[in-house]
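Any value given below was found using the heavy atoms of this structure, including those in side chains, with hydrogens, waters and symmetry copies removed. Numbering of residues begins at 1 and proceeds along the displayed sequence.
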Amino acid sequence: MVLLFGLMTTQIHAEVRPYKFKCQLNGTIPELEDKPLKPAQVKVEIRTIGANIFLTIQGPQPYDMYISTLATEKFTGKNLTGSSSMGIKSKDIETGYEREVRIARDSLVLSGSTDILYRKQKVKAVFEGDCLRDS
């Protein structure tokens, strides 16, 4: 029984161990004639629990976000993972704001978009950058 519990605990730990990256992101707002956003270095953390993916980007706005594949009363989440990249798309049901993040498997390039409020107008910010795995 103790051995079985130990194996179950190890399995649970293996699923929630985060993958951590640092990325240098550059972004623009295409709707505003590609208005540049201030570049930023961000920390990215990816966790998986069962079939769900949870991704946190820590950095300045508009790069800072939490996004997951979960579907709840407030958000719809979708797994966009394929053979070439891991990806998530999420929509806030109340506001209609969407976020999408993809990380290329081979090159570790992170790309994405997020709806933001800019001068009282909803616009889409897009961003991309190279990532390095945290040691």
**Prompt:** Residues two or more places apart in sequence or in another chain: which of them pass side-chain hydrogen bond (donor to acceptor under 3.5 Å, both in side chains) with D64?
**Reply:** none
**Prompt:** Can you check whether L55 reaches M86 side chain to side chain, under 4.5 Å on heavy atoms?
**Reply:** yes
**Message:** Rounded at 0.5 Å granularity, tell me how far CD1 in I57 sits from CE in M65.
**Reply:** 4.5 Å
**Any side-chain heavy-atom pair of E31 and V123 under 4.5 Å** = yes
**Message:** Is it the case that atom NZ in K38 sees more than 12 heavy atoms from other parts of the structure closer than 6.0 Å?
**Reply:** no
**Prompt:** Would you call K122 and Y97 a side-chain contact if the rule is heavy atoms closer than 4.5 Å?
**Reply:** yes
**Request:** Search all heavy atoms of D34 against all heavy atoms of P30 and return the closest pair with its distance.
**Result:** OD1-CA, 3.3 Å
**Distance in Å, L132 CG paired with K20 NZ, rounded so as to fall on 0.5 Å steps** = 15.5 Å
**Message:** What's the separation between atom SG in C131 and atom OH in Y19, rounded to the nearest 0.5 Å?
**Reply:** 15.5 Å
**Prompt:** Can you check salt bridge (Lys or Arg N to Asp or Glu O under 4.0 Å) on E100 and R102, steps first, answer last?
**Reply:** CA-CA 7 Å; E100 183 175 322; R102 292 179 188 260; 3.1 Å; yes
**Message:** Tell me the closest heavy-atom pair linking V42 and P60, and the distance in Å.
**Reply:** CG1-CD, 4.5 Å
**Request:** Please answer whether the main-chain N or O of F127 pairs with a side-chain N or O of Y63 as donor and acceptor at a distance below 3.5 Å.
**Result:** no
**Prompt:** Can you check whether F54 reaches L70 side chain to side chain, under 4.5 Å on heavy atoms?
**Reply:** yes
**Complete:** Residues joined to V126 in its hydrophobic cluster, side chain to side chain under 4.5 Å directly or through other members, sorted by chain and number, are none
**Request:** Answer yes or no: is there an ion pair linking K43 with E45, defined by an N-O contact shorter than 4.0 Å?
**Result:** no
Mind listing the side-chain donor-acceptor pairs of residues 104-118 below 3.5 Å, one per line with the distance, residues two or more places apart or on another chain?
from, atom 1, to, atom 2, distance (Å)
R105, NE, G82, O, 3.1
R105, NE, S83, O, 3.3
R105, NH2, G82, O, 2.9
T114, OG1, R99, NE, 3.4
D115, OD1, K124, NZ, 2.9
D115, OD2, E98, N, 2.8

**Message:** Is any side-chain heavy atom of K89 closer than 4.5 Å to one of I67?
**Reply:** no
**Request:** Compare all side-chain heavy atoms of I53 with those of T81 and state whether any distance is below 4.5 angstrom.
**Result:** yes
**Message:** Under the criterion side-chain contact (heavy atoms from CB on, under 4.5 Å), I'd like the reasoning laid out for V44 against Q58: C-alpha separation, chi angles, the key distance, then a yes or no.
**Reply:** CA-CA 6 Å; V44 178; Q58 295 176 339; over 6 Å; no
**Asked** What is the distance from atom CG of L37 to atom CD of Q61, rounded to the nearest 0.5 Å?
**Response** 11.0 Å
**Message:** Within the 3.5 Å criterion, strictly below it, is a donor on T69 or N79 matched to an acceptor on the partner's side chain?
**Reply:** no
**Message:** Minimum heavy-atom separation for D92 and T95, please, with both atom names.
**Reply:** OD1-N, 3.1 Å
**Message:** Could you tell me if the side chain of L80 sits less than 4.5 Å from the side chain of I88, heavy atoms only?
**Reply:** no
